[in-house]
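These notes are about the structure you will find just below.
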2 protein chains.
Amino acid sequence: MVKLRRSRVEPPPEVCPLGECMSLISGAWSPHVIWYLRDGPRRFGELRADIKGVSAKVLTARLRQLERDGVVIRREVASSPPTVEYALSELGAELRPAIAAIVDVGHRLKRRN
Amino acid sequence: MVKLRRSRVEPPPEVCPLGECMSLISGAWSPHVIWYLRDGPRRFGELRADIKGVSAKVLTARLRQLERDGVVIRREVASSPPTVEYALSELGAELRPAIAAIVDVGHRLKRRN
DNA sequence: TAATCACGTTACCCGCAGGTAACCGGAGGT
DNA sequence: ACCTCCGGTTACCTGCGGGTAACGTGATTA
């Protein structure tokens, strides 16, 4: 019996920006926020309605974190009642294709049942 | 279609493609596993070394979950000592571009400081 | 005989994301 | 006078992913 001590496949080059980027979209809801902001700014209540099943508390927490991380930009609108608008920053826009790729796979999963 | 006058109609259980796909790559380590399997099968110990900072217990748990979800395929090799090889399934291969997109953003993050 | 290796398992603990529910504050509507 | 709307906040609880450490198995090696 031939010993198989080393794999034939050489280890891929060491890169770990994966963790860096994953920390931006970690959490169950962050990708949804980015996805629903992809076409332009949206208000808190709109995001709340867009993202089914999210609670106000968690949505607030995710938006705050995304704002701290420089992914989204928060803008208060002096209307009555006052509303708040969220939009993707330049960094957030760069995340869009990544989220789109994930959504794309999700669609194929659905089609396949 | 009958219109209900007073009670709120429950929205149809529309499956969110984003949530579906995110459930596959959720967790801190799942994307890393997929990423390091992108070029071919790898052994448990190799993955353990590739993915710095992961413990055996957690790596086992992630691999088991990915196997249950049909993302990776586990194959025991009758060597001495017996080794185990993991590879991406067809579904796992479809996830590759999504992970690659995330890694790509990570690269840009690093470059931008 | 004893140690090592590969691939785990089990026990125990911890932190945090997320869920529910209640509440708030100013302005407009009725 | 009261209710509604919008965008939150706060308190409390729960579950799960993850960390360390110790142990198991079966076969080879010193």
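Quick caveat, the model's predicted, so the values are computed rather than measured. Chain letters run A, B, ... following the sequence lines, proteins first and then strands; every chain starts at 1.
- For the pair A:D50 CG and D:dC6 P, the computed distance is 14 Å after rounding to whole Å.
- Comparing B:Q65 and B:S55 along DNA chain D, the residue whose closest nucleotide (by nearest heavy atom) sits nearer the 5' end is B:Q65.
- The separation between B:M22 atom CE and D:dC16 atom C1' is 16 Å, rounded to whole Å.
- Checking each of A:V33, A:L24, A:I25, A:L37 against A:V71 for a side chain to side chain contact (heavy atoms under 4.5 Å, CB included) leaves exactly one that passes, namely A:L24.
- Between the CD atom of B:E67 and the P atom of C:dC7 there is a distance of 15 Å, rounded to whole Å.
- Between the side chain of A:R62 and the backbone N or O of A:L59 there is no donor-acceptor pair closer than 3.5 Å.
- What separates OH of A:Y86 from P of D:dG7 is a distance of 8 Å, to the nearest Å.
- Across the protein-nucleic acid pair, A:R48 atom CZ and C:dG18 atom P stand 15 Å apart, rounded to whole Å.
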Under the salt bridge (charged side-chain N to carboxylate O under 4.0 Å, His left out) criterion, do B:E76 and B:R74 qualify, and how do the steps go?
CA-CA 7 Å; B:E76 298 189 5; B:R74 184 181 190 273; 2.9 Å; yes
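- B:R43 contributes no side-chain N or O that, together with a main-chain N or O of B:E85, makes up a donor-acceptor pair within less than 3.5 Å.
- The NZ atom of A:K57 sits 19 Å away from the P atom of C:dC24 (whole-angstrom rounding).
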Scan nucleotides 23-26 of chain D against the protein and return all N/O pairs shorter than 3.5 Å with their distances rounded to 0.1 Å.
none

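- The nearest heavy atom of DNA chain C to A:V54 and to B:T60 marks one nucleotide each, and the one closer to the 5' end goes with B:T60.
- Using a 4.0 Å heavy-atom cutoff across all strands shown, B:R62 reaches sugar-phosphate atoms only and no base atom.
- For A:A98 against B:V105, the heavy-atom pair with the smallest separation is CB-CG2, 4.4 Å.
- Rounded to whole Å, the distance from CZ on B:R64 to P on D:dG18 is 16 Å.
- When every heavy atom of B:A56 is checked against every heavy atom of B:R48, the shortest pair comes out as N-NH1, 3.3 Å.
- When the nearest nucleotides of DNA chain C are assigned to A:G53 and B:F44 by heavy-atom distance, the more 5′-ward of the two goes with B:F44.
- In the region residues 27-43 of chain A, proximity to DNA chain D at under 4.0 angstrom, judged on heavy atoms, holds for A:R43.
- Side chain of A:V58, nearest nucleotide from D:dG8, C:dG18, C:dG8: C:dG18.
- Taking all atoms of both residues into account, the shortest heavy-atom contact from A:L88 to A:R96 is CD1-CD, 3.9 Å.
- The nearest whole Å value for the distance from the CG atom in A:L63 to the P atom in D:dC6 is 17 Å.
- Listed for the A:S30 side chain is no donor-acceptor partner under 3.5 Å among the backbone atoms of A:G27.
- The nucleotide whose nearest atom lies closest to any side-chain atom of A:R74 is, among C:dC7, D:dG7, C:dT20, D:dG7.
- Counting only N and O atoms by type, the side chains of A:R68 and A:Q65 include no donor and acceptor under 3.5 Å apart.
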